[in-house]
Q: 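The structure follows.
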Amino acid sequence: MKEKLKKVYIILIVFLIVSLPIVHLNYVIQLAKEQGEVRKLKKIVNESEELYQNRKIELENKVDLEKIEKEARTKLDMEVSNEIEYFKLK
């Protein structure tokens with residue numbers, strides 16, 4: 001009886017020694033997959049933020065250029081008007 005009990009204990013211990021690392025390895029693999037997905041999502045978010053910032057800068061520059069262009073046209077119109085007035089007075 002002791003011999004059979006000893007064999008059962010040995011089999012149980014061997015089973016635990018073999019199965020626990022496998023379970024742990026599966027858990028580690030699952031965590032790695034999740035972290036990989038999180039990294040991919042973070043990368044996508046960072047790229048999206050960069051694109052947004054670049055587009056925002058482009059739009060701000062475009063608005064600035066339009067503003068400068070409008071001011072230049074206004075000054076040119078005023079100068080032309082002044083020249084016309086000058087020639088009318090002559």
Side-chain angles (χ1 to χ4, degrees):
M1 187 70 167
K2 277 188 168 184
E3 186 75 26
K4 285 186 177 183
L5 191 58
K6 188 176 179 181
K7 285 183 182 180
V8 169
Y9 280 135
I10 291 174
I11 291 173
L12 182 62
I13 290 171
V14 169
F15 175 75
L16 289 175
I17 290 172
V18 171
S19 66
L20 286 178
I22 293 173
V23 170
H24 178 70
L25 181 61
N26 285 335
Y27 178 71
V28 169
I29 290 170
Q30 181 183 1
L31 283 177
K33 285 180 183 178
E34 289 173 1
Q35 286 180 348
E37 291 173 5
V38 168
R39 285 187 196 125
K40 287 179 188 175
L41 289 174
K42 284 183 180 180
K43 184 178 178 182
I44 291 171
V45 168
N46 287 338
E47 289 173 355
S48 297
E49 286 176 355
E50 286 177 25
L51 289 173
Y52 168 76
Q53 290 299 327
N54 290 339
R55 184 68 179 144
K56 183 179 173 186
I57 290 169
E58 286 176 12
L59 289 174
E60 287 172 353
N61 290 341
K62 183 178 178 183
V63 168
D64 289 343
L65 287 175
E66 288 175 352
K67 195 177 192 181
I68 291 169
E69 184 180 339
K70 187 176 180 181
E71 289 173 1
R73 285 187 183 186
T74 304
K75 284 183 180 181
L76 182 63
D77 288 344
M78 290 176 65
E79 287 178 11
V80 169
S81 295
N82 289 341
E83 290 291 324
I84 292 172
E85 290 289 326
Y86 176 76
F87 283 114
K88 281 183 181 177
L89 292 176
K90 270 189 159 179

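This is a predicted model, so every value here is computed, not measured.
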Q: Give me the one residue out of D77, N82, I84 that meets side chain to side chain contact (heavy atoms under 4.5 Å, CB included) with V80.
A: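 Among the candidates, only I84 passes.
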Q: CD of Q35 to NZ of K42: how many Å apart, nearest 0.5 Å?
A: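 Here the rounded value is 9.0 Å.
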Q: Drop me the distance from E37's CD to K33's NZ, to the nearest 0.5 angstrom.
A: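 That separation rounds to 9.0 Å.
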Q: With rounding to the nearest 0.5 Å, note down the distance linking CD1 in I17 to CG in L12.
A: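 Nearest 0.5 Å value for the CD1-CG distance: 10.0 Å.
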Q: Using 0.5 Å steps for rounding, measure from the NE2 atom of H24 to the CD1 atom of I29.
A: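 One finds 10.0 Å between NE2 of H24 and CD1 of I29.
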Q: Which residues, ordered by chain and number, are linked to I57 in its hydrophobic cluster, where ILVMFWY side chains connect at heavy-atom gaps below 4.5 Å, directly or through other members?
A: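 Joined to I57, directly or through intermediates: none.
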Q: Rounded to the nearest 0.5 Å, what separation is found between the CD atom of E69 and the OG1 atom of T74?
A: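 Output value for this atom pair is 10.5 Å.
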Q: Please write out which residues are connected to L5 in a hydrophobic cluster, directly or through intermediates, given that two of Ile, Leu, Val, Met, Phe, Trp, Tyr count as joined at side-chain heavy-atom separations below 4.5 angstrom.
A: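 Taking Ile, Leu, Val, Met, Phe, Trp and Tyr as members, L5 shares its hydrophobic cluster with Y9.
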Q: Any non-hydrogen side-chain atom of E66 less than 4.5 Å from a side-chain atom of K70?
A: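 No. Closest side-chain heavy atoms not under 4.5 Å.
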Q: By side chain to side chain contact (heavy atoms under 4.5 Å, CB included), which residues pair with Q53, not counting sequence neighbours?
A: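 So Q53 forms a side chain to side chain contact (heavy atoms under 4.5 Å, CB included) with K56.
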Q: Identify whether the distance between the nearest side-chain nitrogen and carboxylate oxygen of E58 and K62 falls below 4.0 Å.
A: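 Result for this pair is no, no salt bridge flagged.
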Q: Nearest 0.5 Å, please: how far is CG in L41 from CG in N46?
A: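 If we round to the nearest 0.5 Å, N46:CG and L41:CG are 11.0 Å apart.
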Q: Are L59 and I68 joined in one hydrophobic group, where the rule is that I, L, V, M, F, W and Y side chains link up if heavy atoms are under 4.5 Å apart?
A: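 Different hydrophobic clusters.
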